[in-house]
Chemist: 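There's a structure below that I have some questions on.
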Amino acid sequence: MATSYDFAPLFRSSVGFDRVFHLLENAQRARSISDWPPYDIVKTDDDTYRISIAVAGFTQDDLDITFQSNLLTVTGQKQEVSAVGYLHRGIAGRPFEHRFELADHVRVNGADLRNGLLSIELVREIPEALKPRKILIQSTPALTSAVPAQIEAQKAA
């Protein structure tokens with residue numbers, strides 16, 4: 001049984017969280033989409049991740065990886081083999097699409113197809129301007145003493 005959440009009350013008391021609510025709404029909708037083929041998401045280090053997708057039977061030409069605006073999309077469309085007389089066909093080759101919402105500053109570092117696993121390496125690179133920085137504390141009251149001096153100068157004028 002799928003549960004649907006109403007985020008409208010949160011919109012009334014928060015500012016700037018539109019993207020988070022959008023992600024939550026998309027996650028709810030995405031659960032109805034098939035989870036085939038199976039995949040793993042692994043955190044390999046503090047700022048690196050790997051998505052591994054089981055794509056047995058797919059070749060490099062059958063797969064497409066695109067990244068646009070924090071959305072990583074992996075699609076597979078197998079080229080049809082000429083009329084082969086299958087007696088049993090148990091290896092699935094149906095088309096698929098997986099979408100992964102990536103956080104800000106996460107980029108795709110590369111992809112590799114080996115032994116039926118498509119591995120996509122991701123890295124989070126935080127710009128220098130957004131990294132924590134040390135703020136120097138001054139012992140002289142330079143900032144507070146300028147304000148009263150300006151007030152006295154205005155009164156005298």
Side-chain angles (χ1 to χ4, degrees), residues 1-139 143:
M1 180 168 108
T3 303
S4 180
Y5 297 103
D6 181 19
F7 297 110
L10 297 174
F11 284 116
R12 291 191 300 259
S13 61
S14 62
V15 176
F17 291 97
D18 302 354
R19 184 170 167 357
V20 174
F21 297 136
H22 180 70
L23 287 172
L24 292 171
E25 288 172 353
N26 282 346
Q28 281 182 322
R29 274 185 247 129
R31 295 308 305 157
S32 64
I33 298 172
S34 171
D35 281 337
W36 186 87
Y39 62 91
D40 293 333
I41 302 174
V42 179
K43 185 172 183 174
T44 56
D45 200 4
D46 286 341
D47 291 321
T48 58
Y49 305 86
R50 182 186 317 111
I51 299 173
S52 298
I53 305 174
V55 291
F58 285 82
T59 65
Q60 199 168 343
D61 295 333
D62 299 334
L63 301 169
D64 186 44
I65 303 170
T66 57
F67 176 69
Q68 180 181 10
S69 181
N70 293 10
L71 180 66
L72 175 68
T73 305
V74 181
T75 56
Q77 178 75 34
K78 204 167 180 187
Q79 306 299 327
E80 281 302 314
V81 180
S82 60
V84 177
Y86 286 100
L87 297 178
H88 171 74
R89 190 166 188 176
I91 299 173
R94 63 184 180 265
F96 70 89
E97 180 178 272
H98 278 301
R99 294 173 181 248
F100 302 94
E101 287 279 348
L102 303 183
D104 292 336
H105 313 297
V106 173
R107 68 171 180 84
V108 178
N109 202 26
D112 180 44
L113 178 62
R114 190 177 312 163
N115 298 328
L117 283 178
L118 175 65
S119 297
I120 304 168
E121 301 294 330
L122 306 169
V123 62
R124 179 176 51 198
E125 295 178 338
I126 300 173
E128 286 297 322
L130 297 179
K131 288 183 180 177
R133 62 178 197 250
K134 190 80 170 166
I135 306 297
L136 180 65
I137 300 172
Q138 298 179 358
S139 60
L143 297 175

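Each residue takes its place number in the sequence, starting with 1.
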Chemist: Describe, in one word, how the ring planes of Phe58 and Trp36 are oriented to each other, choosing from parallel (under 30°), tilted (30 to 60°) and perpendicular (over 60°).
Modeler: tilted
Chemist: Between Pro37 and Val55, which heavy-atom pair has the shortest distance, and what is it?
Modeler: CG-CG1, 4.4 Å
Chemist: As an exercise, state the distance from CD1 of Ile65 to NE2 of His98, rounded to the nearest 0.5 Å.
Modeler: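 Ile65 atom CD1 to His98 atom NE2 measures 12.0 Å (nearest 0.5 Å).
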Chemist: Look at atom CD of Glu125 and say whether more than 12 heavy atoms of other residues, nucleotides or ligands are closer to it than 6.0 Å.
Modeler: yes
Chemist: Tell me which one of Leu72, Asp40, Val42 satisfies side-chain contact (heavy atoms from CB on, under 4.5 Å) with Ile51.
Modeler: Leu72
Chemist: Quick check for you: to the nearest 0.5 Å, what is the distance between Leu122 atom CG and Phe100 atom CZ?
Modeler: 9.0 Å
Chemist: Are Ile120 and Arg50 close enough, and set up right, to give a side-chain contact (heavy atoms from CB on, under 4.5 Å), and what steps lead you there?
Modeler: CA-CA 6 Å; Ile120 304 168; Arg50 182 186 317 111; over 6 Å; no
Chemist: Enter the distance from Asp64:CG to Gln77:CD here, rounded to the nearest 0.5 Å.
Modeler: 11.0 Å
Chemist: When rounded to the nearest 0.5 angstrom, what distance separates CG in Leu118 from CD1 in Ile53?
Modeler: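 Leu118 CG to Ile53 CD1: 5.0 Å, rounded to 0.5 Å.
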Chemist: Around atom CG of Asp45, are there more than 12 heavy atoms of other residues, nucleotides or ligands at under 6.0 Å?
Modeler: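 Yes - once you tally the heavy atoms of other residues, nucleotides and ligands closer than 6.0 Å, there are more than 12.
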Chemist: Measure the NZ-CD1 distance between Lys78 and Ile91 for me, rounded to the nearest 0.5 Å.
Modeler: 7.0 Å
Chemist: What's the separation between atom CG in Leu130 and atom CD in Glu128, rounded to the nearest 0.5 Å?
Modeler: 9.5 Å
Chemist: Looking only at heavy atoms, what is the nearest atom pair of Asp61 and Gln79, with distance?
Modeler: O-NE2, 4.3 Å
Chemist: From the options Asp46, Asp47, Thr48, select the one residue that forms a side-chain hydrogen bond (donor to acceptor under 3.5 Å, both in side chains) with Thr44.
Modeler: Thr48
Chemist: Kindly give the heavy-atom pair with the smallest separation between Arg124 and Val106, and that separation in Å.
Modeler: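 Minimum heavy-atom separation between Arg124 and Val106: CB-CG2, 3.9 Å.
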